[in-house]
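First up is the structure itself, then whatever we jot down about it.
Chain letters run A, B, ... following the sequence lines, proteins first and then strands; every chain starts at 1. Values reported hereafter were calculated over all heavy atoms of this structure, with side chains retained and with hydrogens, waters and symmetry mates removed. Since the model is a prediction, treat every value here as computed from it, not as a measurement.
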Amino acid sequence: MDLSLSTRTVGDRTIVEVGGEIDVYTAPKLREQLVELVNDGSYHLVVDMEGVDFLDSTGLGVLVGGLKRVRAHEGSLRLVCNQERILKIFRITGLTKVFPIHSSVDEAVAATD
Amino acid sequence: MATVELLFSALPEHVRTARLVAAAVARRAGVDEAVLDEVRLAVGEACTRAVGLHMSHGIGSPVRVSLIEDEKKFSIEVGDEAPHRRFTLPGGTLGAGASAPPQAGATSDAKAKATANGNGNGPAGGGGGGLVEADGALMPGARDEIPEPVPEEDEGDGEMGLAVISGLVDDVEVTTDENGGVIRMSWPTTEPVLP
């Protein structure tokens, strides 16, 4: 299982749909994608993690890096995730306080705060 | 001896293999299905850390994973051969704080220095200009170098993996010395699953 990435835009938001496993081997690909989006001027990102089967601290690090990048441009990075095993990792690392986590892409796109 | 032992080259692409093997052996040993996700994540974090340490120290030897089935518990040991810097686990400090004075030029060139010294330094440590001079005097460059296959300072502090492990696993123990480190984790088992 590798990492799959696809992007689309909804209004001023860019949805990054992630599938597969985000670990030490695949996380650099996600990082490249996020860096590329920010470099191209997409500062409001929604990372849809519903298709993610595995996430470790390397993946968390990449998401934190993405958040820092968009914040440097007054942007936002929202996550979409309903999977308990993935949410648990955000919880034990305290990152639920850092990332807005939504239950659907629609909800994340509509969110403004 | 361990029920299953796994040696793999210290490369990121092999960490997934270690996760799969560990989860398979844990399942067979009778670790609860609901806990297998935690086993997978914890062993992945430990292996990722070991791979990072080997890579940043230029250590060519493999990462070692021992999967040990006992009567009432299943244990995993992940060993690296990196001469250890001090680090802290949430909830407890292992070793002293980082206070060694930087060598001239070490600050801006930590990675190169770590690699150069690591090359001439076998698992036993020592050697000319080796990483370990004494317990409290690890090479300044290497010690603060966060072993990160994602080479970017703002993406994780490299010890988030340890934080995840200690958040996940109740029974975890980390030991380190100049020859390397071992992360030991264990989980209770129920009735062993017969083949």
Side-chain angles (χ1 to χ4, degrees), chain A residues 1-4 19-36 38-39 45 47 49 52-73 75 77 81-99, chain B residues 8-20 22-23 33-56 63 78 90-91 146-170 172 183:
Chain A
M1 176 74 70
D2 211 335
L3 184 74
S4 68
E21 302 189 342
I22 312 177
D23 73 352
V24 64
Y25 179 54
T26 62
K29 290 175 204 161
L30 176 60
R31 178 170 51 93
E32 279 166 30
Q33 174 77 82
L34 297 179
V35 168
E36 194 182 309
V38 173
N39 287 348
L45 307 180
V47 179
M49 305 188 58
V52 172
D53 303 310
F54 181 86
L55 173 75
D56 72 4
S57 65
T58 323
L60 293 177
V62 167
L63 292 172
V64 170
L67 182 65
K68 285 187 177 176
R69 281 196 179 77
V70 295
R71 278 189 178 167
H73 298 278
L77 192 157
C81 183
N82 292 295
Q83 302 185 69
E84 184 49 39
R85 60 180 176 172
I86 303 287
L87 290 170
K88 182 177 183 179
I89 304 161
F90 285 95
R91 229 175 273 128
I92 60 179
T93 52
L95 289 173
T96 44
K97 299 187 188 84
V98 176
F99 291 104
Chain B
F8 67 92
S9 302
L11 295 169
E13 53 264 49
H14 301 317
V15 171
R16 177 169 188 264
T17 303
R19 289 200 303 268
L20 295 174
E33 284 291 323
V35 188
L36 287 178
D37 273 338
E38 295 176 11
V39 173
R40 221 184 320 263
L41 182 56
V43 76
E45 296 289 359
C47 290
T48 296
R49 184 170 182 279
V51 166
L53 285 168
H54 278 214
M55 288 174 78
S56 67
V63 170
V78 177
I146 300 302
E148 230 183 339
V150 179
E152 200 142 26
E153 72 287 354
D154 64 346
E155 296 185 342
D157 62 3
E159 298 299 346
M160 210 197 302
L162 275 182
V164 169
I165 291 171
S166 45
L168 278 179
V169 188
D170 293 333
V172 57
I183 297 180

Do [X] and [Y] have side chains that get closer than 4.5 Å, going by heavy atoms?
X       : Y        : answer
B:Val51 : A:Val24  : no
A:Lys88 : B:Leu168 : yes
A:Asp56 : B:Val164 : no
A:Phe54 : B:Asp37  : no

Got a sec, which residues hit side chain to side chain contact (heavy atoms under 4.5 Å, CB included) with A:Thr96, two or more places apart in sequence or on another chain?
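Checked A:Thr96 against side chain to side chain contact (heavy atoms under 4.5 Å, CB included); matches are A:Phe90, A:Arg91, A:Ile101.
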Just verifying a value: how many Å separate [X] [atom1] and [Y] [atom2], rounded to the nearest 0.5 Å?
X        : Y       : atom1 : atom2 : answer
B:Met160 : A:Thr58 : CE    : OG1   : 8.5 Å
A:Ser57  : B:Leu41 : OG    : CG    : 8.0 Å
A:Asp53  : B:Arg40 : CG    : CZ    : 10.0 Å
A:Ile92  : B:Glu38 : CD1   : CD    : 8.0 Å

Do the side chains of B:Arg19 and A:Asp23 get close enough for a salt bridge, i.e. N-O under 4.0 angstrom?
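Salt bridge flag = yes for A:Asp23 with B:Arg19.
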Using non-hydrogen atoms and a 4.5 Å limit, figure out which bit of B:Glu13 sits close to chain A: side chain, backbone, both or neither.
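Both the backbone and the side chain of B:Glu13 come within 4.5 Å of chain A.
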Heavy-atom neighbours of B:Asp170 CG exceed 12 at 6.0 Å
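Not buried by this count: 12 neighbours or fewer within 6.0 Å.
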Going by side chain to side chain donor-acceptor pair (under 3.5 Å), name the residues that satisfy it together with A:Arg71, two or more places apart in sequence or in a different chain.
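Here no residue qualifies.
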Under 4.5 Å from any heavy atom of chain B, what part of A:Leu55 do you find: side chain, backbone, both or neither?
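Backbone only.
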